[in-house]
2 protein chains.
Amino acid sequence: MSEQVELNRSTEESKARLRLWLRLLGVTRKIENELRDKLRRDHNTTLPRFDVMSALNRHRDGLRMSELSGVLKVSNGNVTGIVDRLAEEGLVERVPVPGDRRAMMARLTPRGQDVFAGQAAEHEAWIDALFADMGADEAQGFAVRLKELAEALETREDKE
Amino acid sequence: MSEQVELNRSTEESKARLRLWLRLLGVTRKIENELRDKLRRDHNTTLPRFDVMSALNRHRDGLRMSELSGVLKVSNGNVTGIVDRLAEEGLVERVPVPGDRRAMMARLTPRGQDVFAGQAAEHEAWIDALFADMGADEAQGFAVRLKELAEALETREDKE
DNA sequence: TTTGCATACTTCAATCTTAAAATATTTGCC
DNA sequence: GGCAAATATTTTAAGATTGAAGTATGCAAA
């Protein structure tokens, strides 16, 4: 009978976690959709392009293609295509890595930095408005907890 | 000077919200990638296919194509393609809506229900493991707060 | 009842995305 | 030095995704 109780508790717990996951996914998609619309409307760009430029903006010396895909949590081939298109427009450039001819650094061009600066300022204001419901303290607490969760995920043995 | 203080406070607040958003996005992508791998490895399917079947499973009478895209927060054209592929495999079927010849209901076939049941059981266990860091109470509190945020987002005037 | 706008869905072109194969280079081992 | 395995990136094919255009049907006002 205590096992029955345990089973019920466990099932309830897993249901709670599942609901949390579905909420997380729903909120994230909703916000992504809003940002996508605004980026297209106001800056004639896309979310993946913004993400790439944002990552490169945080790393002024540039990032290797593989580091870029790692940061963005997308595949290698994916960033190849996005960087190709940004490079065609002169917003990003590929720079060879001294000492390793296999590798390539991607980095913002001066024009890319200018263009991104305008996008980023608005982006921050959009986020600010979308999360208006949440004060700074709560947002920070939330972020800290999510960071712990992320670390737990990284640490996890991927045996399953 | 008090305006300077206000500006600083406001900027700090918006930075905290931005960090929260980046964490939310990062955790969501990480988990999506894990689920994608597992679905492919163990069930030879994809995340969008699972999402469609999951939505249809929660609505046994079926959903109109437009309801389906609304629930999943993706475009109409997108679900058309995914339902096409699921229908080819006999997992989903399209049913005309009596009284409105423009509309179509998508619903799981009996085989689709069987196949999905197997996927869903494992999916719940995966989520349970991924969120092992978080107890049921915390997960529920988190979910409640996200729901409030989602409602605030829905209510927001989209004037910007 | 006809005409025009709205609705539901599909199609289309472009971009994004993944997983796997291919290419080029580096590194370790003998 | 030379070869095998590992690493960094690109290419490829299939699927996913969007936004806009196209098609068919419904609805409502004149």
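A, B, ... follow the sequence lines: proteins, then strands. Residue 1 opens every chain.
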Of A:Arg40 and B:Thr46, the one whose nearest nucleotide on DNA chain D sits closer to the 5' end is B:Thr46
A:Arg29 CZ to D:dT17 C1', in whole Å, measures 11 Å
Students often get this wrong, so: under 4.0 angstrom with heavy atoms, is B:Ser75 touching a base, only sugar-phosphate, or nothing? base
The correct set of residues in residues 50-65 of chain B placing a heavy atom under 4.0 Å from DNA chain C is B:Arg64, B:Met65
| message | Check A:Asp133 with B:Arg145, please: is the shortest side-chain N to carboxylate O separation under 4.0 Å? | response | yes
Residues passing the side chain to side chain donor-acceptor pair (under 3.5 Å) test with A:Arg36, sequence neighbours excluded, are A:Asn33
From CG of B:Asn33 across to C1' of C:dA19 the rounded distance in Å is 12 Å
The ring pair (Phe, Tyr, Trp, His ring centres under 6.0 Å) partners of A:Phe131 (sequence neighbours excluded) come to none
Ranking C:dA19, D:dA16, C:dT15 by distance to the side chain of A:Arg85, first place goes to C:dT15
With sequence neighbours left out, the residues meeting side chain to side chain donor-acceptor pair (under 3.5 Å) with A:Ser69 are A:Asn76
B:Met105 CE to C:dT10 P, in whole Å, measures 14 Å
Contacts of A:Asp51 meeting side chain to side chain donor-acceptor pair (under 3.5 Å) (sequence neighbours excluded), chain-then-number -> B:Arg29
Applying side chain to side chain donor-acceptor pair (under 3.5 Å) to B:Glu122 and not counting sequence neighbours gives B:His43
Atom CZ of B:Arg41 and atom P of C:dA20 are separated, to the nearest Å, by 13 Å
Those residues at least two apart in sequence (or on a different chain) that pass side chain to side chain contact (heavy atoms under 4.5 Å, CB included) with B:Arg102 are B:Asp100
In whole angstroms, the gap separating P of D:dT18 from CG of A:Asn44 amounts to 18 Å
Taken to the nearest 0.5 Å, the spacing of A:Leu72 CG from A:Leu63 CG works out to 8.5 Å
When A:Leu91, A:Val92, A:Leu56 are each screened for side-chain contact (heavy atoms from CB on, under 4.5 Å) with A:Val83, the one that passes is A:Val92
- Query: Across the strands shown, which category fits B:Asp37 at heavy-atom distances under 4.0 angstrom: base, sugar-phosphate, nothing?
  - Reply: sugar-phosphate
So the salt bridge (charged side-chain N to carboxylate O under 4.0 Å, His left out) pairs with at least one residue in residues 107-116 of chain B (sequence neighbours excluded) are B:Glu93-B:Arg107
Rounded to whole Å, CG of B:Leu47 lies from C1' of D:dT17 at a distance of 14 Å
Across all chains, not counting sequence neighbours, the side chain to side chain contact (heavy atoms under 4.5 Å, CB included) partners of A:Thr28 are A:Glu32, B:Trp21, B:Leu24, B:Leu25, B:Thr28
In whole angstroms, the gap separating C1' of C:dC16 from NZ of A:Lys73 amounts to 18 Å
Per the under-4.0 Å heavy-atom filter, residues of residues 93-104 of chain A near DNA chain D come out as A:Arg94, A:Arg102, A:Ala103, A:Met104
inquiry  = Once you apply a heavy-atom cut-off of 4.0 Å, does B:Arg49 come out as touching a base, just sugar-phosphate, or nothing?
reply    = sugar-phosphate
Ordered by number, residues from residues 76-83 of chain B within less than 4.0 Å of DNA chain D (heavy atoms) are B:Gly77, B:Asn78, B:Ile82
Quick note, salt bridge (charged side-chain N to carboxylate O under 4.0 Å, His left out) partners involving residues 76-91 of chain B, not counting sequence neighbours, are B:Arg49-B:Glu89, B:Asp84-B:Arg94
Taken to the nearest whole Å, CG/B:Asp84 to P/D:dG15 is 12 Å
Practice problem: For D:dA8, take OP1 and OP2 only and decide whether either is under 4.0 Å from a side-chain N or O of A:Ser66. | Solution: no
